[in-house]
Each structure stands twice: as structure tokens, then as C-alpha cells.
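Taking it in order: structure first as C-alpha cells, then the write-up.
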Amino acid sequence: MNNNLILRTENLSKKFKNKYAVKDVNMNVQEGDIYGFLGPNGAGKTTSIKMMLGFLSSSDGDVYINNKSVKGNREEALKNVGAMVEEPKFYENLTGRKNLQVISELYGKKAKSRIDEVLDIVEMKEAADKKVKKYSLGMRQRLGIARAFLNDPEIVILDEPTNGLDPYGMKSIRELIIKLANKYKKTFIVSTHLLNEVEQMCNKVGIIHNGDLIKEMSMEELKEEKSDDISFEDYFISLTEEARSYE
Amino acid sequence: MSRVIKSELLKYISGKMLYICSGILFFLPIFNYVLTKILIASNPETFSQIIDRFSNLSSQEYILNSLAELFSGGGLFIIVIILASSMITSDYSKGTMKYTLLATSREKLILGKIIASGIINFIYIAAASLSIGIIGIVSYNWGSNSHSIIYILATSLLCWITLMGITCLIMFAINRISSVGGAIGLGFGIYFVIGLLSGLLPESYKVPIISANIYKVLEVKWSSLVEILIVGLAYIIVFSGLSLLAFRKKEILS
């Protein structure tokens with residue numbers, strides 16, 4: 001087993017009634033990766049992430065974070081994980097700072113002392129004392145990333161962090177993720193349905209389609225595998241069509 | 001678990017709900033008292049029976065009566081039902097449950113929420129008891145019963161334990177509901193059923209029904225207080241245990 005493997009899933013599956021939403025997903029995320037978890041809407045990205053974080057129980061398989069099983073010891077496995085799942089949700093009537101205080105109480109002293117630091121990291125210090133209900137979506141995404149950073153995690157899982165943002169907002173969140181990964185040496189798993197996002201931000205990609213992880217490779221490998229005369233978009237479509245033909 | 005309790009309390013202290021509800025419960029007995037006085041003064045003949053009753057009351061009788069009436073009047077129940085129903089479902093419907101669960105275990109979260117709601121219930125009971133106590137001491141003569149202060153304090157404590165029992169029952173009942181409105185509706189349904197059973201059942205069958213026996217505090221018998229205490233504690237233990245089991249298996253979908 002590779003020692004640098006910070007998160008791996010083993011045959012991770014989730015069945016709702018008689019249908020598999022996620023089936024036998026084997027993901028391998030190494031320390032320092034910005035891992036793009038790519039797939040169209042409804043492919044199983046969010047369900048997989050929820051199982052990684054123990055919000056949903058897996059029908060089969062398990063997730064290991066730093067070799068600790070999420071199924072067996074969720075609290076220990078998630079000790080060094082930060083996350084933002086789906087839309088960033090907050091207590092609307094509290095300020096951004098108060099929202100961070102509520103969560104930092106749960107993490108303890110170290111997180112409490114990091115509130116100003118994380119607000120600074122996501123450039124939200126000035127708006128921190130405004131009520132969250134007055135925030136734009138971009139500000140909420142930034143505050144969501146700040147919340148994910150409160151416990152100084154080794155690995156940060158972001159589910160569609162640029163969803164619903166305008167091109168400027170998308171670019172600024174992408175740049176923020178790259179900055180955080182490089183400056184603070186954090187590992188990121190970023191789920192998205194946008195190819196260009198993965199292309200611009202990630203060093204590794206896992207492509208999920210209809211609940212199956214159909215490819216996992218580094219961006220270099222992907223560029224080598226894809227012929228020069230087709231775009232990433234066409235390559236992605238050809239991969240998902242190939243997967244569909246096996247069903 | 002103390003971290004969960006602090007975090008839950010911080011949410012309530014930072015919002016308005018705690019202050020508004022405590023204020024309502026503090027001023028409700030004062031409002032009742034003033035209204036009764038005005039009605040009596042405006043039409044003494046019509047309210048002659050009430051005048052007789054009030055003029056013969058001692059401080060301790062007034063306090064015990066008022067505490068028992070707090071339960072039957074509904075004001076306290078409405079506030080506690082809203083608190084118990086929203087404690088879990090608001091986090092679930094707002095989508096903030098996920099972030100709380102990232103930082104703690106499900107067991108600690110549910111027990112922390114139950115204890116935090118206990119602390120908030122205590123503040124509510126204290127606010128109501130304070131104004132009832134002030135009116136009782138200022139407006140009526142203190143009775144002759146030597147154990148009255150301890151008995152009154154024990155009654156306030158029992159009111160709190162009874163409310164905690166109801167809170168645990170509601171928290172368990174709503175654990176499959178994800179909307180705050182639905183949860184509050186079910187909470188009121190439970191309150192209605194408790195009230196119905198209290199009214200319909202014969203005295204000897206009422207014992208296991210929480211809050212049905214709260215009027216027994218007026219008998220000024222310690223054995224009655226013990227009976228109410230046992231029922232309250234049984235509700236707390238059984239329903240917090242059941243909530244724990246149910247929440248451990250809950251899938252956090254939103």
C-alpha cells in the first residue's frame with residue numbers, strides 16, 4: 001500500500017431501493033493531490049462524498065482516510081478532514097463570524113483561535129460581521145471554504161464549489177483552491193461536472209458515470225491518452241459513451 | 001459533549017428566540033395578575049367568587065397554583081414544543097447538520113442537543129418562576145407551612161423535569177421529519193393527545209401520562225412530587241435513549 005495515500009475507497013457502493021447510485025468505486029487520493037472528481041449531474045459524486053464523510057452509510061465497501069475506516073471509526077477518520085457539501089448552508093440570521101464560532105466550539109480551542117486566520121485566507125475579513133443572509137453566493141462559497149479550513153485539515157473535500165457562480169466568481173474560487181493547496185500543502189478533492197475546471201486546477205482526475213468510476217489517472221496520463229486532435233470535452237463524451245455501451 | 005452543548009447554546013444566545021420566549025414567560029404571569037385585578041375592580045359582583053378565592057390565598061398557594069396553571073395554560077407548552085421540534089429539524093432543514101456532524105459524533109450531537117434544550121428549558125422555567133415568585137411574595141401573605149420554600153423550589157424543579165420529559169418525547173417523535181413546520185405540527189399533535197388522555201382517562205390510569213399529574217403539586221404532599229419525578233425521569237431516560245438509537249441510523253440526505 002502506498003504510504004502517501006491519504007484517502008482511498010474500497011468497492012464503495014450505495015444502493016437506494018433496488019438501484020445502485022454508486023457501485024464499486026475504488027478511488028485513490030495521494031497527499032498533495034488536487035483530485036478532480038468529475039462526472040455529469042446525477043453520476044454519484046455527491047452520494048460518494050456523503051459516504052466519505054459518513055453522512056450516508058455505504059451498502060458495501062468502505063472509505064479509509066489516513067488508513068482509518070470511516071465505517072469503523074468515523075470520528076477518528078474524519079479528525080483531519082474539512083468539507084463543503086452541496087450548497088454552502090449557514091445560520092442565516094447569524095454573522096459570518098458567528099457561524100464560524102458555532103462550528104469552532106465543536107472543534108475546540110485551536111479552531112477558535114483560527115477564525116480570523118481563515119477569514120483572512122478566504123479574503124472575507126471585511127464582510128465577517130455582516131449577517132449571512134446578506135451574502136452573495138460567491139461570499140457564501142468563500143465562507144464555506146473558511147469553515148472547511150477551521151480545524152486545519154489535511155484533506156479538504158469540496159462538492160461543486162463553483163456551482164451557480166458567474167465566470168468571475170468561478171475563476172476566483174479556482175484560484176483560491178490552487179493557492180490553498182500550494183501555500184498550505186493541503187490535499188483537495190473537488191467534485192465538478194465542468195471539464196475545464198479539472199483541466200485548470202487538478203493534477204489527478206477520477207471520472208464517475210452512472211455510479212461507476214470509469215477512469216482514474218493523472219492529468220499528464222489523461223493528456224497522453226487523449227489524442228491531440230480531440231478536445232477534452234469530446235474525450236470525456238467518448239469515455240462516458242463507452243461506459244454506456246457496456247451497461 | 002460539552003463542546004456540542006456550548007455550540008448549541010451559542011446559537012440560541014446569538015439569536016433572538018431565547019430572549020423573546022424568556023420575556024414572554026416572565027411577563028405572562030404579570031399580565032395574568034394585572035388582568036385579573038382589572039376585571040375584578042371593574043365588576044366586583046360578577047367576580048365575587050374569584051375575589052373570595054384570591055383574598056384567601058397565601059403566597060405559597062398562589063405560587064403553586066400559578067406554576068400548575070403554566071402547564072395547563074399552554075403558553076409554556078407552545079414555547080417548549082417549538083424549541084424541542086426545531087432543535088433537530090432546523091439544523092436538518094437548513095442543511096447545517098452536515099457541518100456539525102463533521103466535527104462530532106452522532107451520539108454526542110443528540111445528547112448535547114438534549115442537554116442544551118434542558119438548559120434553555122431551565123431558563124424558561126426560571127423566568128416564569130421569578131415573576132410568579134415576585135407577585136406571590138409582594139401581593140399575598142406568606143403561609144404558615146414550614147417546608148413551603150423547599151416544596152416550592154422542588155415544584156419548580158419538577159416542572160423543569162416534566163418539560164424535559166416532554167422535550168425528549170418530541171425529539172424522538174420528530175426524528176424522521178425534516179421540515180420544521182411538520183415537526184412543530186407533530187409536537188402540537190402530541191400535546192393534544194396528552195391533553196386528551198389527561199381529560200378522558202380515570203385518575204388511576206393517568207399516572208404514566210406526563211404532565212397529567214402536575215396538579216398533584218397542590219396537594220402539598222411529598223409522595224405526589226416523587227410520583228411526578230419518577231414519571232418525568234422515566235420519559236427522559238426512555239426517549240433520549242430511543243432518540244439516540246434512531247439518530248445513529250439516520251441518513252443525512254440534505
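We name chains A, B, ... by the order of the sequence lines, and we start the count at 1 in each one. Because the structure is a prediction, the values reported are computed rather than measured. Hydrogens, waters and symmetry mates are skipped; everything else that's a heavy atom, side chains included, is used.
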Could you tell me which of [options] has the largest number of non-hydrogen atom pairs under 4.5 Å with chain A?
options                    : answer
B:Ile5, B:Val4, B:Thr100   : B:Thr100
B:Gly112, B:Ser105, B:Ser2 : B:Ser105
B:Leu9, B:Thr104, B:Leu10  : B:Leu10

[X] atom [atom1], neighbour heavy-atom count above 12 within 6.0 Å:
X        : atom1 : result
B:Tyr19  : OH    : yes
A:Tyr184 : OH    : yes
B:Phe188 : CZ    : yes

Could you tell me which portion of [X] (side chain, backbone, both or neither) has an atom closer than 4.5 angstrom to a non-hydrogen atom of chain B?
X       : answer
A:Glu87 : backbone
A:Leu56 : both
A:Phe90 : backbone

Does A:Lys50 form a salt bridge (charged side-chain N to carboxylate O under 4.0 Å, His left out) with A:Glu86? I'd like the steps, not just the answer. CA-CA 10 Å; A:Lys50 282 182 177 171; A:Glu86 294 171 314; 3.5 Å; yes
Side chains of A:Thr95 and A:Asp129, donor plus acceptor under 3.5 Å: no
